[in-house]
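Scroll down for the structure; my scribbles are underneath it.
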Amino acid sequence: MTGAFITFEGIDGSGKSTQVRMLASVLRLRGMDVVQTREPGGTPLGARLREALLDAQEQVDPLAELLLYAADRAQHVRVMLRPALDAGRVVLSDRYADATVAYQGAGRGFEPSLVAEVVALATGGLKPDLTLLFDLSVAQSGERSRQRTTAADGGAHGHDRLELEAEHFHARVRDAYLQIAAAEPERVRIVDASLSVEEIHAHVLEIVVPFLENRGQWSQVKTQ
Ligand code: ADP
């Protein structure tokens, strides 16, 4: 049986990873077989690529950046995502191919046709069944990223290389995400990420539960 592939997208600080964790834990409590992963860095090779890609000290050429994200994704699709989906698991990924369209396409300015080709090569055509787009203003996401940076770890988290990009870069990325959602309203659902963590979580469940029910992947799980 084919599993379900759900991706979480949005600009940095929009609350994606918080919501991936919360949804994964609810689905697991219901007895579902969940894989929680992310891009970049979902595989051991990807973790090493992630370190290089997000290192604020690293000078990464934009073309090298595009290809490194593609390499991370190629490994992720072949080693983790396809096998998990073939085994019928529910896969939740913090970012996937839409991020390349938004960041390397709109953010860095690569031609949409080139980006589409690189994405097609890396994914081998694997598309998410559902994408949740956490939409937040650039000002609010910046505020959250700053809070995370100065939080309990005494600021040890620091800002990664992409977080340090200028505000207009993040604004282009946000707009690109909204355009993707407008072009594919069936697959991409916009979530208002300015709400509280609990309100957003409730909205996520309102989208994900019927989605899994329609696929016959909710009813099979144990009730508490
Ligand atoms: P992302 O994965 O999109 O970068 P995170 O989930 O790491 O975002 O959240 C960024 C920061 O904002 C974290 O410190 C997190 O605790 C906080 N945060 C997440 N969701 C909310 C929310 N709805 N309201 C306020 N703060 C939030």
Gap between atom OG of Ser25 and atom CZ of Arg30 - 0.5 Å precision:
12.5 Å
Testing the basics here: between Ala122 and Ala70, what is the closest heavy-atom pair and its distance to 0.1 Å?
CB-O, 3.5 Å
For Leu23 and His201, the nearest pair of non-hydrogen atoms, with its separation, is N-CE1, 4.2 Å
Out of curiosity, Leu68 CG to Leu53 CG, how far, rounded to the nearest 0.5 Å?
5.0 Å
With a 4.0 Å cut-off, would you call Glu206 and Arg189 a salt bridge?
no
Are any of the side-chain nitrogens in Arg146 or Glu143 under 4.0 Å away from the carboxylate oxygens of its partner?
yes
Rounding to 0.5 Å, atoms CG (Asp160) and CG (Asp12) come to a distance of 5.5 Å
Give a yes-or-no answer on whether the side chains of Arg174 and His170 include a donor-acceptor pair shorter than 3.5 Å.
no
Would you say that more than 12 heavy atoms from the other residues, nucleotides or ligands in this model lie under 6.0 Å from the CZ of Arg108, or not?
yes
Between Tyr177 and Glu9, does a side-chain hydrogen bond (donor to acceptor under 3.5 Å, both in side chains) hold up when you go through it step by step?
CA-CA 8 Å; Tyr177 270 132; Glu9 297 281 359; 2.6 Å; yes
Test side-chain contact (heavy atoms from CB on, under 4.5 Å) applied to Asp94 - qualifying residues, sequence neighbours left out
Lys16, Ser17, Val20, Arg38
Aromatic ring centroids of Tyr96 and Phe5 under 6.0 Å?
yes
Neighbour count above 12 (heavy atom, 6.0 Å) for Arg78 CZ:
yes
Between CG on residue Leu66 and CG on residue Leu114, distance to nearest 0.5 Å
6.0 Å
Ignoring hydrogens and angles, tell me if any N or O in the side chain of Glu39 forms a donor-acceptor pair with the backbone of Arg50 under 3.5 Å.
no
Given the options Leu49, Leu45, Val77, Asp72 meets side chain to side chain contact (heavy atoms under 4.5 Å, CB included) only with Leu49
Taking all non-hydrogen atoms of both residues, which atom of Ala193 and which atom of Ser14 are closest, and how far apart?
CB-O, 3.4 Å
Measuring from atom CD of Glu198 to atom NE2 of His203, what distance do you get when rounded to the nearest 0.5 angstrom?
15.0 Å
Would Asp129 and Arg215 pass as an ion pair if we require N to O under 4.0 Å?
yes
Which atom names give the shortest non-hydrogen contact between Ala4 and Leu212, and what distance separates them?
CB-CD2, 4.0 Å
Any non-hydrogen side-chain atom of Phe8 less than 4.5 Å from a side-chain atom of Ser93?
no
Under the salt bridge (charged side-chain N to carboxylate O under 4.0 Å, His left out) rule, what do Glu184 and Arg187 come out as? Steps first, then yes or no, please.
CA-CA 6 Å; Glu184 293 183 72; Arg187 172 176 71 87; 2.9 Å; yes
Donor on one side chain, acceptor on other, His76 and Thr37, under 3.5 Å:
yes
Nearest heavy-atom pair of Tyr103 and Ile11: which atoms, and what distance?
OH-CA, 3.5 Å
Tell me the closest heavy-atom pair linking Arg28 and Val34, and the distance in Å.
NH2-O, 3.2 Å
Indicate yes or no for a side-chain donor-acceptor contact from Arg89 to the backbone of Leu85 under 3.5 Å, with no hydrogens or angles considered.
no
Spacing of OG1 belonging to Thr18 relative to CZ belonging to Arg144, to within rounding of 0.5 Å:
8.0 Å
Heavy-atom count check: over 12 atoms from other residues, nucleotides or ligands less than 6.0 Å from Glu58 CD?
yes
With the side chain counted from C-beta on, respond yes when Val119 and Tyr69 share a heavy-atom pair under 4.5 Å apart, and no when they do not.
no
Taking side chain as C-beta onward, heavy atoms only, is Thr7 less than 4.5 Å from Leu132?
no
Taking salt bridge (charged side-chain N to carboxylate O under 4.0 Å, His left out) as the definition, give me every residue that meets it alongside Arg82, ordered by chain and number, with sequence neighbours left out.
none
Can you find a side-chain donor-acceptor pair between Thr100 and Arg73 that sits under 3.5 Å?
yes
